[in-house]
Amino acid sequence: MSRPAVLGPEARPEAVRRLAAPDPGARPEAVSRLAALAPGAHPGAVRQRTRTTLTWLNGTTPAGLALAVLARTTRRRTPDGLVVAGGYRLPVPRQRCFTVGSVVLTRRPPEWLLHPDRADLLDHERRHTGQYALLGPLFWPAYWLACAWSYALTGTYGCGNVFERRAGLTAGGYPEPTLRPWAATLLRRPPGTAGRGSAGERTVRDRAASWSRRRRRGTRAAR
């Protein structure tokens, strides 16, 4: 298994390579701008490294790397430990991007996903790594069940999927869901009933209270 390419010092801009020994005469604001380019400068870098460690331990990242090698992808590792595997060639799944452990696979070149214009999409995939870190291999059956529930509610596999919603629908390229008619009817509540339950719920409670009062009266009469 080939090792993913890491963006090392030789591949970084000259300004970043000089960050370890900045010019003493440089202005403070210039040094601050250079520091923002340094590895680990991402505010969630430590969190992502923790997720990566957990996904290595639970086996999902090794599975993602094996799939990346099988699909003959080109791999790039970000400073926070996320692996972006581009050029995915297998027919399934059909999504342009998907995540396995801490490996993000895409049908485009890795540079496409690492471009600043697609930072929101990359962050969406990062959130999936947190789900893998929490659930491990159980993520897969849980995700498939969520897909089935989403399809039953909305006719799509992603829009009503709790994992995609937690990762951010808009960032992942999903539209806001439209419920099927039966689901909209089931989940709809009459106006003015918020916090008090539906009319049907109130009727059941009223009948139960009336029955309880009649029972107490009958008990007292028997005495």
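All values below come from the heavy atoms of this structure, side chains included, with hydrogens, waters and symmetry mates left out.
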Applied to residues 146-170, the salt bridge (Lys or Arg N to Asp or Glu O under 4.0 Å) test, sequence neighbours excluded, yields none

| query | Taking 4.0 angstrom as the limit, do D80 and R47 come out as a salt bridge? | reply |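 Salt bridge: no.
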
- Task: For T178, enumerate each residue passing the side-chain hydrogen bond (donor to acceptor under 3.5 Å, both in side chains) test, keeping only those at least two apart in sequence or located in another chain.
- Result: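 side-chain hydrogen bond (donor to acceptor under 3.5 Å, both in side chains) check on T178 returns nothing, list empty.
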
Mind checking what makes side-chain hydrogen bond (donor to acceptor under 3.5 Å, both in side chains) contact with Y157, not counting sequence neighbours?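 For Y157 there are no side-chain hydrogen bond (donor to acceptor under 3.5 Å, both in side chains) partners, ignoring immediate neighbours.
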
Name all residues meeting the side-chain contact (heavy atoms from CB on, under 4.5 Å) criterion together with [X]; count only those two or more places apart in sequence or in a different chain, and write none if there are none.
| X | value |
| --- | --- |
| E111 | R76, P109 |
| A183 | L153, L179 |
| R108 | T106, W112 |
| A152 | W182 |

### Query
Between the side chain of H124 and the main-chain N/O of A167, is any donor-acceptor distance below 3.5 Å?
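Judged by distance alone, yes, a pair lies under 3.5 Å.
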
Of all pairs that satisfy ring pair (Phe, Tyr, Trp, His ring centres under 6.0 Å), the ones with a partner from residues 76-96, not counting sequence neighbours: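 Found Y88-F98.
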
Q. Are W144 and F139 connected in a single hydrophobic cluster, I mean Ile/Leu/Val/Met/Phe/Trp/Tyr linked by side-chain heavy atoms less than 4.5 Å apart?
A. yes

Determine the minimum heavy-atom distance between [X] and [Y], stating which atoms define it.
| X | Y | result |
| --- | --- | --- |
| G172 | L121 | CA-CD1, 4.1 Å |
| A171 | R127 | CB-NH1, 4.4 Å |
| S150 | T156 | OG-O, 2.7 Å |
| V100 | A63 | CG1-C, 4.2 Å |

Query - Interatomic spacing from CG in L122 to CG in D117 - rounded to 0.5 Å - result: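 With rounding to 0.5 Å, CG (L122) is 12.5 Å from CG (D117).
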
When T73, V84, V83 are each screened for side-chain contact (heavy atoms from CB on, under 4.5 Å) with P110, the one that passes is V84

The residue among L105, V103, V69 that forms side-chain contact (heavy atoms from CB on, under 4.5 Å) with R75 is V69

In short, side-chain hydrogen bond (donor to acceptor under 3.5 Å, both in side chains) pairs touching residues 55-69 with sequence neighbours left out are T55-T61, T55-S102, N58-T60

- Message: Atom CZ of residue position R94 - does it have more than 12 heavy atoms of other residues, nucleotides or ligands inside 6.0 Å?
- Response: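 Not buried by this count: 12 neighbours or fewer within 6.0 Å.
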
Counting C-beta onward and ignoring hydrogens, is there a side-chain heavy-atom pair between R126 and L82 closer than 4.5 Å?
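Yes - at least one pair of side-chain heavy atoms lies under 4.5 Å apart.
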
What I want to check is whether the side chains of E125 and T129 have a donor and an acceptor closer together than 3.5 Å.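 There is no such pair (donor and acceptor under 3.5 Å, judged by atom type) between the side chains of E125 and T129.
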
Could you list the donor-acceptor pairs under 3.5 angstrom formed by side chains in residues 131-138, with sequence neighbours left out?
| unit_1 | atom_1 | unit_2 | atom_2 | d |
| --- | --- | --- | --- | --- |
| Q131 | OE1 | H128 | ND1 | 2.8 |
| Q131 | NE2 | F163 | O | 3.0 |
| Y132 | OH | T99 | O | 2.9 |
| Y132 | OH | W140 | NE1 | 3.0 |

Apart from L57 itself, members of its ILVMFWY cluster (side-chain separation under 4.5 Å) are none

